[in-house]
Amino acid sequence: MGVGNQDQTAFEFRGDWKEFFPIAASNLLLTLVTLGIYRFWATTRERRYFWSQTRFIDDTLEWTGTGKELFLGFLMAIVALILPVIGLQFLIQALILQGQTALAGALGLGFYVVLLFLAGFATFRALRYRLSRTHWHGIRGGSEDPGFRYGLSYIWKTLVGGLALGLLIPWSMTSLWADRWNQMSFGPHRFESAPEWGGLMKRFLLLYLVPVAAVILGVVAAVSSGGDPGGLGAMVGLLVLAFYVVLPLLALGYYAAFFREVVDTLSLTTINFQFTARTKEWFLLFLGNAGLFILALIAALIPISALGLFSGFTDLQPGQDPFAQNPGLIAGMVLALIIPMSLVGPFIRYRNWRFFIRNLEATGVIDLDLLTQSQTKVGSHGEGLFDALDMGAM
Amino acid sequence: MIPAWHYDGQTATRYEVYVVAQDDGLRLDLGEGRSDVAPWGDLFWIDKRDGASVFGRKGADGWRVGIPLPMTDLLVRRLPPQSRYGGLVDKFGIWPAVAGFTALSAAVVLVLWKAPDVVAPLVPMSWEQKMGDAMVGDLGGRICDGAEGQKALDALVRRIDPDAANLRVRIVNVDMVNAAALPGGQILIFRGLLQEAKNPDELAGVLGHEIGHVRNRDVMQALLRQMGLSLLLGGVGGDVGGALNSAISASYSRAAESRADDYAINLMRTANVSPLPTAGFFDRLAADERKLGKGAVAMSYMSSHPLSDERRKVFLASARKGAAYAPAVTPQQWRAIVDACANDPDVKEGDLF
Ligand SMILES: [Zn+2]
């Protein structure tokens, strides 16, 4: 079967936000009344929708993960990882308070290395989990590698990337991407990833040099103006412009190039993947997400100010605790804030997924008879560790 | 014979098949005389896709059959129903489930709120002491533990509470008008409070109140309540600085505050120390607060101990007319307490957090 030609793209997202809204709204309701425990089932429902609305060639993807396994993964992560980490953190802080700074420092360094390992391990396991729960034509992906080796290479590659004044970050990012994907498979086939980092250096150096240039230019502007207020104002303006406008844009430009490079060099047997989004598309994605966020904030503030909920806090007497005085008011405010703000998350994830699928392409040929079932193990728990460390997708 | 599509989970090949409802299961006619029967109990609903209901089969990874909609009544009866929210919610329906979860959550919150009252007194004092030591330590050298000052302070503590052996009252070199009870019988008095107090009797009242919190196990209660709350909010924090911080600024319930006041008044009556200066001290702090505004007093005695008029009146009313009260400590001892930080050569200075 041929993949990706002029007439039809290989990947298509055909979701509809009006269809997604009831899912997001009922997820929010159930999450609120279960004190957050439903969120694992909510994530699962969300993904089932995204996957089922994503067509690859002639059939949609299918998400087969369950809320229960995510919940179990979360519990395991708490017991096996989060509690020891918290204990260690507690110990370090107690040592600092008791003046044992050297010991605390040594422990802190070890703690940092352990955290790095966990971050790498979790990233790997999350990718493995997602592939093993993604079915297409009844076939799924996975990995035989448990991810410990990846955790170790994550430690040293991150450290090396950072040590050379951060100049090797493009190397560590591409190399870690390849380490991850080369261990993944779909059906009987391994993914192959061979990104090059040399081509990314131009954009990275630009990103790297802007803060330096901005500071130099700022100082020059300040000195040449002889310290008059206009010159100082120009300097501050230049710095603000550099750090809040130019720098984020350049970072986005670098990331767009990075993502194109790593996806364009990814293949699965006879299929090659491509990613088409350029900096402009990434910028529009973020702009739209920010817009959603602002919209939700407005939606939250309208009922709050309309009901005059703030008035309860204006004539406080000294010593009064506003929260003890107005429990109903607080509950109202919290709800008015929580409802719109928690609906932003699902819709941002919806937009991100749509963006990802719309820009993903694949070309080549698939032989369906040779695409046999994956023999990799299916773990009984989800991304607990990953959720616990609060890392993003892809 | 209903036309359907099928993946066998072995390869990605899509088969066009016919399905037939049989007593023992769903039969798939695969063509060329081959067929496969999936027992009804093994089938589970997956989703609706391109006008068909899709089912999977337990124990067969990737096995799928897609039956076009609408399905015959017979198939609808035998095949598993559509699932939407997850097992439990689907079983009861969304609104009964929401009602049930709400009730359950309310019960959990209530238990977490009330349990500390019951559990706190059961926590062994030795555990509480260890927790207190871990939290406080020597506060990074900020304890004013010069011999004279500490000795005078201990004398004051023994004067108002003869049973003070398990208390550890110390002065902290932080410019903050506050005093706080921490786990394990630790009481911290901040330097700012000593500068604000005019005489030892005022300090005795504040101290008596904190001793009340210790004896009533209020500290442990607040700590447990806070742990329960953070458990609920999912943020299991391991932040000692934060724990210490919130213990200092913890405000107890109104009932706990007035019990602590009663305790202090009792101690002072037994020790024959006048409660009137304490009432005056509260008066001055309240006046300060009115002048400076609420923002200026965050993290201070006024924010953790709301200075209501009733509190002042309770102290006022407890004074006995014509009683021959004696000062809590001698003027020399009082000077030693006030100057404890100035006279401690190796104490570190600075903010706590
Ligand atoms: Zn109190």
Side-chain angles (χ1 to χ4, degrees), chain A residues 23 26-27 29-30 32-39 41-42 44-45 48-49 52 58-60 62 64 66-68 78 82-83 85-100 135-140 187 316 318-321 324 366-374 378, chain B residues 6-14 46-50 54 56 61-64 84-87 89 94 97-102 104-105 108-109 133-141 232-234 236-241 243-244 251 254 286 289-290 293-294 297 302-303 305-308:
Chain A
I23 296 177
S26 55
N27 274 345
L29 174 66
L30 285 164
L32 282 180
V33 299
T34 54
L35 300 172
I37 292 175
Y38 188 77
R39 68 174 182 274
W41 284 265
T44 300
R45 283 183 69 210
R48 279 179 81 108
Y49 181 76
S52 73
D58 67 333
D59 201 0
T60 58
E62 190 186 301
T64 57
T66 65
K68 195 165 117 190
I78 293 253
I82 307 300
L83 289 183
V85 164
I86 288 172
L88 195 61
Q89 206 183 336
F90 199 89
L91 185 67
I92 291 172
Q93 292 198 11
L95 283 175
I96 292 174
L97 278 178
Q98 290 171 3
Q100 308 229 35
H135 279 71
W136 179 78
H137 273 238
I139 304 298
R140 62 174 176 83
L316 275 180
Q320 256 184 10
D321 182 353
I366 302 181
D367 189 332
L368 291 177
D369 291 325
L370 293 183
L371 184 56
T372 53
Q373 190 57 282
S374 173
V378 182
Chain B
H6 170 55
Y7 297 129
D8 62 9
Q10 307 294 313
T11 74
T13 308
R14 182 184 171 111
I46 292 182
D47 67 15
K48 263 187 211 138
R49 193 190 298 172
D50 297 330
V54 182
D61 190 9
W63 189 99
R64 298 288 181 267
R84 274 183 79 176
Y85 304 102
V89 184
I94 178 144
V98 165
F101 285 141
T102 308
L104 208 65
S105 298
V108 167
V109 170
D133 287 342
M135 270 168 73
V136 182
D138 73 344
L139 283 168
L232 267 192
L233 298 175
V236 196
D239 186 7
V240 185
L244 182 59
S251 44
R254 217 163 256 247
E289 188 180 356
R290 273 193 295 277
K294 196 161 170 59
V297 299
M302 288 84 97
S303 74
H305 296 83
L307 294 167
S308 63

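Residue numbers start from 1 in every chain, and the chains themselves are labelled A, B, ... in the order their sequence lines are given, proteins ahead of strands.
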| request: Tell me, out of B/Lys48, B/His6, B/Gln10, who's got the most heavy-atom pairs with chain A below 4.5 Å. | output: B/Gln10
| Can you say whether B/Phe101 sits under 4.5 Å from chain A via the side chain, the backbone, both, or neither, judging by heavy atoms? | both
| task | Before accepting this row, confirm whether a basic side-chain N of the pair B/Asp61/A/Arg140 lies closer than 4.0 Å to the acidic partner's carboxylate O. | result | yes
| request: Indicate yes or no: at least one non-hydrogen side-chain atom of A/Arg48 is less than 4.5 angstrom from one of B/Ile46. | output: yes
| Would you say the side chain of A/Leu30 lies within less than 4.5 Å of the side chain of B/Val98, judging by non-hydrogen atoms? | yes
| Option in B/Asp8, B/Asp47, B/Thr102 with maximal non-hydrogen atom pairs under 4.5 Å from chain A | B/Thr102
| task | Kindly indicate whether the side chain of A/Arg39, heavy atoms from C-beta on, has any atom under 4.5 Å from the side chain of A/Thr34. | result | no
| Engaged part of A/Asn27 at the chain B interface, taking heavy atoms whose separation is under 4.5 Å | neither
| Partner chain A: residue of B/Ala12, B/Gly9, B/Ser105 with the largest heavy-atom pair count (under 4.5 Å) | B/Ala12
| query | Quick one: are A/Tyr38 and A/Arg45 in side-chain contact, heavy atoms under 4.5 Å? | reply | yes
| note | Most contact-rich option vs chain B, by heavy-atom pairs under 4.5 angstrom, among A/Leu29, A/Thr66, A/Thr44, A/Ile23, is A/Leu29
